[in-house]
Structure formats: structure tokens, C-alpha cells
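Quick note on labels: first sequence line is chain A, next is B, and so on, each numbered from 1.
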Amino acid sequence: MRGESAGTLIVGGGAGPRAAGERPDEDLLEGLNPPQRDAVTYRGSALLIVAGAGSGKTSVLTRRIASLLRGREAWPSQILAITFTNKAAGEMRERVEALVGDSARGMWISTFHSACVRILRREAEQFGFTSSFTIYDSGDSRALIKRLVKEHEADAFGLTPAAVMSKISRLKNELADAESYARTANMNDPVERVFVDLFADYQRALQRANAFDFDDLIAQTVYLFRAFPKVADVYRRRFRHILVDEYQDTNHSQYALIRELTKPIGSDAEPFAAAGGMMIFDAPAEDDPANAPASLTVVGDSDQSIYAFRGADIRNISEFEKDFPGAKVVLLEQNYRSTQNILSAANAVISNNFDRKDKKLWTDVGAGEQIVGFTGYSQHDEAQFVADEVEVLRKAGVDYAQMAVFYRTNSQSRALEEIFIRSAVPYKIMGGTKFYERAEIKDALAYLIAVANPADEMALRRILNKPRRGIGDVTETAIARYAADEQITFRDALANASALGVGPKIQAAIVQLDAVLAEASELMLPATGELAPSTAVADGLQLLLSKSGYSDALRASKDPQDEARLENLDELVAVTREFARNNPDGTLIDFLAEVALVSDADDLEDASGVVSLMTLHTAKGLEYDAVFVTGVEEDLIPHRISAGEPGGPQEERRLFYVGITRARKRLYLSLAMTRAQFGEVSVAMPSRFLQEIPAELLSWRQSPGDVNSRGGTRSRALNARGSGFGGSGRRYGDDLVPKSTSMERFANRIPAKVRDNGDMQLAPGDRIRHDDFGEGRVDAVTGEGAKRVAHVRFDAGGTKKLLVKIAPIAKL
DNA sequence: CGATGTACGCTTTTT
DNA sequence: GCGTACATCG
């Protein structure tokens, strides 16, 4: 909830002097409803806030923190608040600062990953890493695994890099390592043996590179706490109040981390093991209040759990009361965001998930506008509707920034983008940028990593021949062999170019590269004790790019895209300068960690004055006056891949629910009759979720039936579901909508006369007549079944590709 | 070693 | 329909 919906947001500095007896947090409770007040003021070891969409959870969380601080119940440094994205963390910090002023500074408000990086940075030496470790993003992990798969010839066993990667990730999220997995796996299975080898090799490679992958950041922190109780106690003593947002999206390792942090201090320590039998710290006296576990507050909504696919475990929240006996539960159901129509639609949809606790959002702001439905002929037609409607709203006084367009898959953004450009609607694609995944950016970062973490061989290999300096596979292997023979690192091998036995030209190139890296190191990593100037990262990056010849190579290139690449690099330099401004003491290592942990949802910053386009996943946690959910079709939402996964369709429904509940005043649901995917056109069917919305809430500007009447075959499409896909009707516990319902909803709009060209025989040379384009001759027919496409040359001129099944054509 | 051409496979969501 | 990955040629 934003400030305006819960009464006035209290802005301003600290608590100020107060009369004795007055609650120091009275103003913090202003405008809150009774359960919200409970959530702010309850004091106990464990609190679960079940916060429905738009129920003001952020407000409650920030006020709860503010009230702890103002009441002197906690120092800022004793607070650890975990959010899902860096952006959410920044927002929360801002809002707490608005309530309590600068004293918010010492708090840890960050994502799980960032918090773990901070901890690991301090403790890395304990277990074989150095504090200058770097972080492998998914791309780095993929590259490494790919190499290992090749080395092990694991593809012969059907192990693809993608499969290995996701399995390793899943195991790490369950806190399993290669060793423990090997104990449970069936090692008679050669595939399993290869996998275990791969897993172990992968882990060794990471360790050698002094690097952690995303999953390691959490898992290794848990291992650290378990292996070194004294270290764990340092953090248990420090964090007395732990708050976790979006708890429904935590996975097992994150849960385990929270468990470790909320154990009583000294609870698993072995006092006599330390310092030769001398007790050097308190005995584990659990009844000593000083050793009491930290208080834990979690906030979540199981209806908004949309990350099960990457290990989020809904049981973390559904079994919270069992996990933390005596926990208090507060339910926030009053919604301050949306109109009742929107909420009723959301409630109706989500109530189709069968194993959920019933929860109904309500509001007192009134019914509001009806939800608008629209069916386009194609995804471009659909996009045009969205663009037109955006302009209508704009003229009615709605700011572009208050409108958002959601879609299930990133690929859907292309059609929207095309139409928006043509219609001159200003927009920004959120998260789609993938700035840090661009090759030139990864190259530049690899240069920085090579300087920051010389052990990271991957980064070094990446830049070895970028720009081209004649160092190819052969030379790379020679360097690696030399390093192995001499028992030195890959990086140190570069310094001995003359010993590699390569040609003089290549030798010179290696010397040059080595020198550039050395010079940059000196600039960015000054001798211990000295502090690098805050501009060091920016200066170092520019030095690397220019002296390595990277920039020059791009400038000299005649590929027109290279100009854009240069601009991207300038942008990266700008990012380093911005970083220096925000973190005057920030080091190169800090910069790299920040970059590795930024997510797509984080650059939602300056979307002022433009319409926001994003996936439904990215939309979580955001809200807009007007929301367009596009592509509400079967196989898209619910996505076809989800059909085979346990709980998949239900998660898709939650995703749709999340999309709906982002809207404050206006909600549009749109779909297309046909959609081009993989470069081929196919027939789309309305999503089953549409039929879960009560008819009176939804007003169709153009219903699936309307589109049909133009010559399509909607009724067939709606019905077609029954055959061959999950049987007829419904299976127990499945999400299939009974066929009769789907027919009822659209029945009155489907014309009596239905055309279905499904079995029209067409061959090259046939003549046809099209309702709009007139007569023409078939050149070719491609595709199969419902996707059969006729390539027709019309007499009036021009050729068209027509989907035979639904095109308004007749054979002559 | 690098440039050019072709085949293939891919598209669910992301810290 | 696009980008990557591999193969072949210069």
C-alpha cells in the first residue's frame, strides 16, 4: 500500500520528545485498521503477517521497524530486513528513513543474496575463499557447466548443460552437495555417477576460481553457520529482529538460513572445544534472556507464490505456525488499492485453487469500472487495441506512468513494441533490457573481474582474445597447460609469455594484456591500508577498455551495431560513476557484487512519463491505475509447459491473480485469436481463467465470439480442448474447466453459422476467394493441422500467408 | 586464426 | 523468426 491509501504518510525526522506515558509510536498507527495495528505493535518471538494483495504490508512492515527503533527496543544495527529485490530494499529503507530519520542507517535492509554476500565477505577466509571472491551469474555458471559437460562427455549420457545446471541448482537449494547427493543417489546408474562427478568438479572449479554462484551464496552461508557455531552466534547476537518480506517465495536454503539466525545464542556451540578447554564465552543458558532467539516477522501471501519453479516452497509459510510454536498470525484482508470489481474478479479466479486457505479481499471504495475484455484477430490487433486505449486514457487525464501492460512471456513484448512505436506511445520495457547480459558488458566486467579476482580463470579466458589479438584455442590451451605444469595460476602464466612457446606476435599480445591488467590492478587495488579513490573503478574501467584496445576495435569496426556497443560501454562507465557517488567507500569488489545481484525488477527507476511493459512475474509488488493483462490465452497463461508440472496450473492461476491485483482503477484483459510463435501462426484459445471471472464484472469490447463471427471457428476451438488433452471434462484435482461452463459463457456470442476450414483441401494452383482480398491463386501450402498456412497470390496484387483453418476464404 | 555461411533449436518465469 | 553454434574455407 502506498501512503495515500492508509491515511497520511508520516514524514519527518525522529520521534522527538514525548510526554511520559504517551506511546512513542502513536503517530505510527495513524490511519491503520485494527489488524494492521496488531501487526505493528505485537511483540513476541514470531509473527506471521498474512497480507493479501494491496493490503498495506509494506506500510505495516516499515512502521513496525520504525516503532521498534523509536521505542528504543532495538538499535538500527540489530535489525535485519530481507526483501525480494534490491529495489524493494531501497524503497523500504527510504520509507523507514522517512519515519525515523538518519538512525535508519545502520540497518541491514537487503535481499537474501546481498545479505549473504556481506556475511561471506567477512567470513570467507574461514573456509577456503578470500574476501575478494566474485559471484558467478547464471550465464557464468552455464558456461562453466558447458565446459565440464564437454570434458566429461556427459551429453552421451543424455545430460545437457541446461539439465545439469537446473539439477545442481535444485540440489543446492535443498542444501545438498555432491557428496551428500551421492549417498542418496543410485550410484549403479552410470548417468548418476557422471552427474555426481560433474557436480563435484563444478564445485571444485568454483572454489578454485574463488567464486560463488547464486545458490552458493545462500547455501554456503548456511554451511558456514552450521560448521562454525561461534560465527553463527556473532550474527545471532547482532540481529535481534529479523523481518522477511515475500516469505511465500523463500526456498529451503533461505528458510534454513532464517532458522539458523533465529536459534538461541550459544545453542549449538561447544564451549569447551574452544581455547584449549577454557570457557571463553557464555555457556548455552537458554533461559538467559540475553541468549533468547531473535524475534522473527514474516510477511507473505500464499496466493502470490509464483516462484515454485525455482524452488520456492509454499510450506515455509503454510507451516509457519508449526515451525515457530507460539507464533502470532495477523490477517490483512482489507485492500486499499483496487476497486471492488477488480477484487471480486481476483477473488473469483483464485478461489479455483483448491488447497488454499480461504481469504477474500475487500474494499470500501466501491465497485468502480467494469473490467474490459478485448479479443484481437492477431497479436498485432491486440496490441493496437492496447495502444489505442492507452491514448484514450491519456486524454482522460491518466498519466502514462500510471499505466502498465503485462504479458506472460518476454517474446510477447515484440508485437506490443512494434505497435507502440508506430502509434507513438512512449513506453519502457522493464527487465527486458538485460543490460548486463550483453556481450560487450560481460566482456568489460570480465576485465574488471580479472583484476579483482585473479583466481577467476573463466573471466580471464573470456577476455583472452577480446579484442582479437590472435590468441586462439591453441594458445589458450598452451597457457592452461603451462599453468598446470608449473603449478601456478592461469593469471600468473600470462606473466611468463616467453616460456609458453608461442610465436613472437602472440607472445607480444600476451605481454601487452598482462601489462594492462597489472596497471589496472595498481590503480584499483592499492596496497593494503590505502584506500582507492572513489573514482578508481570508473578510471580503471576506462583504462582497461582503452589500453586493451577493446574500444578501438569497436570504433574501427564497420558493423553498425558496434556503435551501440560503444554506447553501452559508456553507459557502464556511467554506472561506475553513479556507484562511486552512492558509495564513496565502495571498492571494485563491491561494485562487481552489486552488478551481479541486480535483477531485472531493479531498474524500474525512471519510468516517469512512459507506459511500463513487463512480464507478470516482474509485476509483482507493483501497482498502476490502469493495467492491461495481454495474451490471456490457453497455452500462454496457463503456459503450456506448466500443464505437465505438479502444481503448475495453480501457480499460473496465482500469476494471473497477481496481474489482476496490480490494478487500482481499470483492468483490461485481452487476447488474440491467432498468435505467431516460433515464426509460425497458430490458433489461440481463450484462457480458462477468463471463464472463472463472473460475467457481470467483465464487459467485452470484442468477445471471442465477435471475432469468430468474422469467419472463424471459435466454438470448435473452445471445444477442442476436450479431445486429446486431459480427457473430456475434468480429472480429480485438476484445473480443467468443465466444458459446459466454457460454452455457456460465450455461447450467445457465437453465431449460428460457423465456418471451419479445418478440412478444406488446398493445393498449389487452386483458386480461392477471400472476403477482404478478393480472388487469388494458392502458391504453396505449409504446416500441419490447425497450423496449415496457405501462401496466396491475390489477383489484386500482393501475396498473403493465410491460416487455412480460420481465414475467411472459400475454394473456387 | 578468423570470417563467412548454414543448421538447428528455441522461448516460462529469475535472485 | 532470430540468435547461437558449428563447420568450412580463405
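Residue-to-nucleotide proximity on DNA chain B shows that, of A:I506 and A:H113, the 5′-proximal contact is made by A:I506.
Side-chain N/O atoms of A:T618 include one lying less than 4.0 angstrom from OP1 or OP2 on B:dT14. Taking only side-chain nitrogens and oxygens, A:N465 never comes nearer than 4.0 Å to OP1 or OP2 of B:dC1. Under 4.0 angstrom from either OP1 or OP2 of B:dC1 there lies at least one side-chain N or O belonging to A:T475. In this model, the phosphate group of B:dT15 is not approached by any side-chain N or O of A:N251 to a distance below 4.0 Å at OP1 or OP2. Listed pair A:T615 / B:dT14 meets the phosphate criterion, a side-chain N or O lying under 4.0 Å from OP1 or OP2.
Taking a centre distance below 5.5 Å and an interplanar angle below 30 degrees as the stacking criterion, A:F309 stacks against the six-membered base ring of B:dT13.
No engagement by A:F112 is indicated, since no non-hydrogen atom pair under 4.0 Å with the nucleic acid exists. Contact annotation for A:S411: base contact, defined as any heavy-atom pair under 4.0 Å involving a base atom. Within the nucleic acid shown, A:R414 comes within 4.0 Å of sugar-phosphate atoms alone, with no base atom in reach, counting heavy atoms only. In this structure, A:K620 reaches neither bases nor backbone, as no heavy-atom distance under 4.0 Å exists between it and the strands shown. Counting non-hydrogen atoms under 4.0 angstrom, A:D215 reaches nothing in the nucleic acid.
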message: Before you tell me yes or no, could you show the steps for A:F225 and A:Y223 under ring pair (Phe, Tyr, Trp, His ring centres under 6.0 Å), namely the whole-Å CA-CA distance, both residues' side-chain angles and the distance that decides it to 0.1 Å?
response: CA-CA 5 Å; A:F225 285 167; A:Y223 295 150; over 10 Å; no
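Here the side chain of A:H639 is nearest to one of B:dG2, B:dT11, B:dT15, namely B:dT11. Taking the side chain of A:T111 as heavy atoms from C-beta on, and the options B:dT15, C:dA5, B:dA3, the nearest nucleotide is B:dT15.
Of the possible donor and acceptor atoms, one in the side chain of A:N86 sits under 3.5 Å from a partner among the backbone N and O of A:L597. Judged by distance alone, with hydrogens and angles left aside, the side-chain atoms of A:R640 form no donor-acceptor pair with the main-chain N or O of A:E634 at under 3.5 Å. With A:N173 contributing its side chain and A:R170 its backbone, the two residues share no donor-acceptor pair below 3.5 Å.
Between the side chains of A:Y550 and A:D443, at least one donor N or O sits under 3.5 Å from an acceptor N or O.
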